[in-house]
Amino acid sequence: MAELRYRAPKGTYDLVFPESERTERVLALAGEVLTLRGYRRISTPVLENTELFRRSIGEDTDIVTKEMYTFEDRGGESLTMRPEGTAPVIRAYLERGLYAEGLPQKLFYFGPMFRRERPQAGRFRQFYQIGAEAVGSADPLIDAEIISISAVLFQRLGLERYRLVLNSVGCRNCRPGYREVLTGYLEGIAPSLCEQCRKRAKTNPMRVFDCKEEGCREALSGAPAIAEHICPECREHFEGVMGGLEMLEVPFDVDRSLVRGLDYYTKTAFEFQFEGLGAQNAVSAGGRYDYLAEELGGPPTPGVGFSMGVERLMMSLDSEGLGMFEELEQMIVFVAGVEGVDRGRVFSLLKEIRDASFSADADFMGRSLKAQMKQADRLGAMLVMIVGGEELERGGVALRDLGRSEQWDIPIGDAVSEIERFLEGTR
RNA sequence: GUGGACGUAGCUCAGUCGGUUAGAGCGCCGGGUUGUGGCCCCGGAGGUCGGGGGUUCGAAUCCCCUCGUUCACCCCA
């Protein structure tokens, strides 16, 4: 392959048809599922003040310490290309005073996120997320609703090879106590832990549950689970969420080792894990974040949300052989001009047809009639309107049905009505 | 940031114990039908064999470096 001078930056990609159109459809379906549940679209800037993410995601997280695209703009301000969507939404919620619109505020978003990681299957530097936030309610049933949205979308798409895992990560009342107990336990089994985990035991003890090392897993099998150490309030909430999911008929497994990577999560944490996607198998994930609004300088405001990786969603469709939507856009008419005919005739017919809201195209390559027919076929056109000298002399044009290889003359003035008639006839 | 695999036409790939002008299928363009698609037939365009260096009489084929892609670790959507 001759080396092109410019290529899409590492970890980014161009979405080209027909995949682009396929993605569009999936997004439209997601929007439908969300709208049906009262969620409304919000768009926030791709750029935010760096502090917003440092505060919300956590100073010690991988995202903040090594993955953000941060730069100083020409005015000396530190800006960051958003690595996730929740903090910006909460920021906007506070800034625009959306609480005055009544609670809960149910918002959804779609857009690109940026993280400077090493790309691999299902992991990109610029990736798209669709997500939703329910802000202002502490009701466990709204956790269930948020979680169920992904399940409903998966079901609508026909996806089956996944499972929902659920956990509670506690709150500011119970987490410190659990942390202490866990740290104590980890000290005891330190010799049988891998190097990584020994480090993590000190910096972020709950992360050890993520380790896939055989030795660690065994050593951790007897570790205290947070589920047994959460406070009565958290426990009650967790049970409420599980009850809600049962009512919504969303099956789940409790996984006490599930932890989330962003600091702001409290209580509910969940993840939809898929088979057949490679190492990055979480297509949708999220949780509750009851202190985030406060952390950002607003009034205490509970919230819960999810975000879904669009690329991973599309990959899961691929792996289950789904999402090959039958007909993509079909061209209704191709207006072909015979050699020697004034192109103006073709062009004005084209305008007339398009003005009547029929998709139509014509030749812009100066090609022969034969080549134009070929082009019409390639575009999937149903009809070809042939503008030829002979027909014009009789005051008409020819209309050809590509499906049935039939062709007939029509008066040039009836172009649009003839197309309408044809379309009614095929139905 | 670490490790492995791979890098030949637009796409999918063949060709490598080193040896004349680097191939196929698909796609693209044109012709076979002096005004007509899909099938078929014919022809054509398109390749610094990722890049650089080295070994050799000779390298797409061997060696080194580099860039890129990809998968995995890490982490996460």
Side-chain angles (χ1 to χ4, degrees), chain A residues 1-5 7-11 13 16 57 61-67 82-86 110-131 150 194-197 199-200 204 207 210-213 258-262 270-274 277-287 305-316 334 336-341 363 365-392 397-407:
Chain A
M1 196 189 322
E3 235 8 79
L4 255 39
R5 196 184 175 103
R7 342 179 76 243
K10 185 193 285 284
Y13 62 93
V16 176
I57 299 172
T61 58
D62 277 22
I63 291 178
V64 169
T65 56
K66 49 193 186 193
E67 295 175 0
R82 62 178 178 204
E84 61 101 29
T86 300
F110 162 73
M113 306 295 160
F114 304 84
R115 258 121 94 158
R116 196 187 178 291
E117 303 181 83
R118 273 296 276 280
Q120 75 182 74
R123 198 169 75 182
F124 305 85
R125 288 182 174 183
Q126 173 175 340
F127 58 100
Y128 292 80
Q129 283 190 339
I130 181 154
S150 296
C194 70
E195 203 183 318
Q196 271 281 347
C197 283
K199 252 186 246 166
R200 282 192 283 219
N204 196 347
R207 285 240 84 87
D210 271 350
C211 190
K212 281 137 197 152
E213 294 281 329
L258 179 70
V259 278
R260 307 259 77 240
L262 287 64
F270 67 91
E271 193 168 296
F272 286 85
Q273 300 171 347
F274 278 68
L277 289 199
Q280 312 302 322
N281 67 349
V283 170
S284 178
F306 78 87
S307 56
M308 185 181 299
V310 173
E311 292 82 359
R312 293 184 186 178
L313 178 62
M314 299 311 289
M315 284 169 68
S316 63
F334 189 91
V338 173
E339 292 93 312
V341 165
D363 171 57
M365 297 297 287
R367 287 203 256 250
S368 67
L369 180 63
K370 178 191 173 111
Q372 291 182 58
M373 296 296 297
K374 204 171 169 184
Q375 176 73 358
D377 192 57
R378 172 170 31 212
L379 295 177
M382 302 170 74
L383 292 166
V384 176
M385 185 168 291
I386 300 169
V387 186
E390 292 167 19
E391 291 87 345
L392 283 176
V397 293
L399 204 53
R400 183 178 180 82
D401 173 358
L402 287 186
R404 275 187 277 182
S405 299
E406 282 169 14
Q407 176 173 332

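The shown structure was predicted, so the numbers you read here are calculated from the model rather than taken from an experiment. Within every chain, numbering begins at 1; the chains are lettered A, B, ... in the order of the sequence lines, protein sequences first and strands thereafter.
Looking at A/E339, its side chain never comes within 3.5 Å of a backbone N or O of A/S368 through a donor-acceptor pair. At distances below 3.5 Å, not a single donor-acceptor pair connects side-chain atoms of A/R400 with backbone N or O atoms of A/V384. No donor-acceptor distance shorter than 3.5 angstrom exists from the side chain of A/R125 to the backbone of A/P119, with no hydrogens or angles considered. Checking side-chain atoms of A/E84 against main-chain N and O of A/T86 turns up a donor-acceptor pair under 3.5 Å. Although no hydrogens or angles enter the test, the distance criterion places a donor-acceptor pair under 3.5 Å between the side chain of A/R82 and the main chain of A/P112.
On the C1' atoms, B/U20 is 25 Å away from B/A45, given to the nearest whole Å. When the P atom is compared between B/G27 and B/G38, the two are found 11 Å apart, to the nearest whole Å. Comparing the same atom, C1', in B/G52 and in B/C67 gives a spacing of 10 Å after rounding to whole Å. Between B/G31 and B/A22, the two C1' atoms lie 27 Å apart (nearest whole Å). Separation of the C1' atoms belonging to B/A72 and B/G37 is 49 Å when rounded to the nearest angstrom. The same atom, P, is picked in B/A60 and in B/G50; the two are 10 Å apart, to the nearest Å. Of the C1' atoms belonging to B/G46 and B/G10, the separation is 9 Å, rounded to the nearest Å. B/U8 sits 9 Å from B/C13 when the C1' atoms are compared, rounded to a whole Å.
Distance A/Q273 CD to B/A77 C1': 13 Å, rounded to the nearest Å. Atom CE of A/M373 is separated from atom P of B/G30 by 14 Å (rounded to the nearest Å). The interatomic distance linking A/R7 (CZ) with B/G50 (C1') rounds to 9 Å, in whole Å. For the pair A/K66 NZ and B/G1 P, the computed distance is 11 Å after rounding to whole Å. Per the geometry, CG belonging to A/D363 stands 13 Å off C1' belonging to B/C29, to the nearest Å. With rounding to whole Å, A/E84 atom CD is found 12 Å from B/C76 atom C1'. Rounded to an integer number of Å, the gap from CD of A/E117 to P of B/A77 is 9 Å. We find that CZ of A/F334 is positioned 14 Å from P of B/G37, with the value rounded to whole Å.
Heavy-atom contacts from other residues, nucleotides or ligands closer than 6.0 Å to CZ of A/R116 number 12 or fewer.
Nucleic acid contact for A/F124: base, since at least one base atom lies under 4.0 Å from a heavy atom of the residue. As judged by a 4.0 angstrom heavy-atom cut-off over every strand, A/R378 is placed among residues touching the sugar-phosphate backbone only. Within the 4.0 angstrom heavy-atom criterion, no nucleotide atom of any strand lies near A/E339. Nucleic acid contact class of A/Q375 (heavy atoms, under 4.0 Å, all strands): none. Using a 4.0 Å heavy-atom distance criterion, A/L262 is classed as a sugar-phosphate-only contact. Residue A/E391 is in base contact, counting any heavy-atom pair closer than 4.0 Å across all strands shown. Within 4.0 Å of A/G278, counting heavy atoms only, lie sugar-phosphate atoms of the nucleic acid but no base atom. Within the 4.0 angstrom heavy-atom criterion, only backbone atoms of the sugar-phosphate kind lie near A/A282; the bases stay farther away. Using a 4.0 Å heavy-atom cutoff across all strands shown, A/Q372 reaches no nucleic acid atom at all.
The base-pairing partner of B/G3, taking Watson-Crick or G-U wobble contacts with both distances under 3.5 Å, is B/C71. The pairing partner recorded for B/U56 is none, the criterion being a Watson-Crick or G-U wobble arrangement whose two distances lie under 3.5 angstrom. Both distances falling under 3.5 Å, in either a Watson-Crick or a G-U wobble arrangement, place B/G43 opposite B/C29.
Using a 4.5 Å heavy-atom cutoff, the side chains of A/L392 and A/V387 are in contact.
One N or O donor and one acceptor, one from the side chain of A/Q120 and one from the base of B/C74, sit under 3.5 Å apart. A donor-acceptor contact under 3.5 Å links the side chain of A/R312 to the base of B/C76.
With B/A77, B/U69, B/C28 as the choices, the nucleotide that has an atom nearest any side-chain atom of A/F127 turns out to be B/A77. The side chain of A/K10 approaches B/U69 more closely than any other nucleotide in the set B/C76, B/U36, B/U69.
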Close N or O pairs between protein and nucleotides 38-40 of chain B (under 3.5 Å):
{"from": "B/G38", "atom 1": "O4'", "to": "A/D377", "atom 2": "OD2", "distance (Å)": "3.3"}
{"from": "B/G38", "atom 1": "O6", "to": "A/S405", "atom 2": "OG", "distance (Å)": "2.6"}
{"from": "B/G38", "atom 1": "N1", "to": "A/S405", "atom 2": "OG", "distance (Å)": "2.8"}
{"from": "B/G38", "atom 1": "N2", "to": "A/L402", "atom 2": "O", "distance (Å)": "3.4"}

Protein and nucleotides 2-6 of chain B: nitrogen or oxygen contacts under 3.5 angstrom:
{"from": "B/U2", "atom 1": "O4", "to": "A/R118", "atom 2": "NH1", "distance (Å)": "2.7"}
{"from": "B/U2", "atom 1": "O4", "to": "A/R118", "atom 2": "NH2", "distance (Å)": "3.4"}
{"from": "B/G3", "atom 1": "O6", "to": "A/R118", "atom 2": "NH2", "distance (Å)": "3.3"}

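Put simply, CE on A/M373 and CD1 on A/I386 are 5.0 Å apart, with the number rounded to the nearest 0.5 Å. For the atom pair A/I130 CD1 and A/F110 CZ, the distance stands at 7.0 Å (nearest 0.5 Å). Atoms CZ and CD, on A/R367 and A/Q375 in that order, are 5.5 Å from each other to the nearest 0.5 Å.
The shortest heavy-atom contact between A/V338 and A/L369 is CG2-CD2, 4.0 Å.
Mapping A/S307 and A/A398 onto RNA chain B via the closest heavy atom, the residue that lands nearer the 5' end is A/A398. Looking at which nucleotide of RNA chain B each of A/A121 and A/E67 is closest to, the 5′-most match is held by A/A121.
The side chain to side chain contact (heavy atoms under 4.5 Å, CB included) search around A/F127 returns A/M113, A/R115, A/F124, A/Q129, A/E311, not counting sequence neighbours.
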